[in-house]
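Worksheet: one structure, shown below.
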Amino acid sequence: MLLEEADDIIKKTLPHKRYVHTLGVVETARQLARRNGVDEETAAFAAMLHDYAKYRDMEEMRTLARELGQLELLDYDDELLHAPIGAELVKRELGVKDTVIYQAIANHTTGAPDMPLLDQVIFVADAIEPNRTYPGVETLREIADADLTDAVIATLAHTIQFLCKKQTVIFPLTIETYNAFVTAKRKGTVL
Ligand SMILES: [Fe+2]
Ligand SMILES: [Fe+2]
């Protein structure tokens, strides 16, 4: 599938505001990819499809999560489902079988301890694309300009703090990802 075809599908699938957000993620992902040695077109393609399932019926996604054995997801915020289940739907419905794209979509909300550079690019781009306006986003953009690993850590820290303030449960993978990246940073190993 070409990027233009994915664009057409996303334009038809998502509400206008979410489509605009998606285009912002595509643009930011391109910039981060160029700066961090990630294939720009792959990043643009994953970014275009990352929120494919954002507005899908929750029961449908819960059913699919059960079918895939991803039962832990069902105990946490429904908001989490659109990433891993979206990756599966992109594969099943759009025929995108590339595991690299699958993973980048699946990891875009929680992150993953071993996520490769492409996934890091999509994860950070989703948080800092130009249409994002939450307090602290400017700082995250500055960090992302300087260092991708630092941006992953700062984005996770921001998310965890936000969830703590709301006293919302935190998906364990998000904490595991934070720990993995902070540890790697401290040891000087690159993830
Ligand atoms: Fe998303
Ligand atoms: Fe998004």
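One-based numbering, in listed order, for ligands and for the atoms of each.
For Asp126, the N/O/S atom at the shortest distance from the Fe ion (ligand 2) is named OD1. Within His82, NE2 is the N, O or S atom that lies nearest to the Fe ion (ligand 1). Looking only at N/O/S atoms, Asp51 comes nearest to the Fe ion (ligand 2) through OD2.
We find the OG1-CZ distance between Thr13 and Arg18 to be 13.5 Å, quoted to the nearest 0.5 Å.
In summary, His50 places an N/O/S atom under 2.8 Å from the Fe ion (ligand 2), meeting the contact criterion. Taking 2.8 Å as the threshold, Glu129 does not count as a candidate ligand of the Fe ion (ligand 2), since none of its N, O or S atoms lies below it.
The aromatic rings of His158 and Phe162 lie parallel to each other, their planes meeting at an angle below 30°, with 60° marking the opposite boundary.
More than 12 non-hydrogen atoms from other residues, nucleotides or ligands lie less than 6.0 angstrom from NZ of Lys54. Around the OH atom of Tyr178, the shell of radius 6.0 Å holds no more than 12 heavy atoms that belong to other residues, nucleotides or ligands.
Checking side-chain atoms of Arg62 against main-chain N and O of Asp78 turns up no donor-acceptor pair under 3.5 Å.
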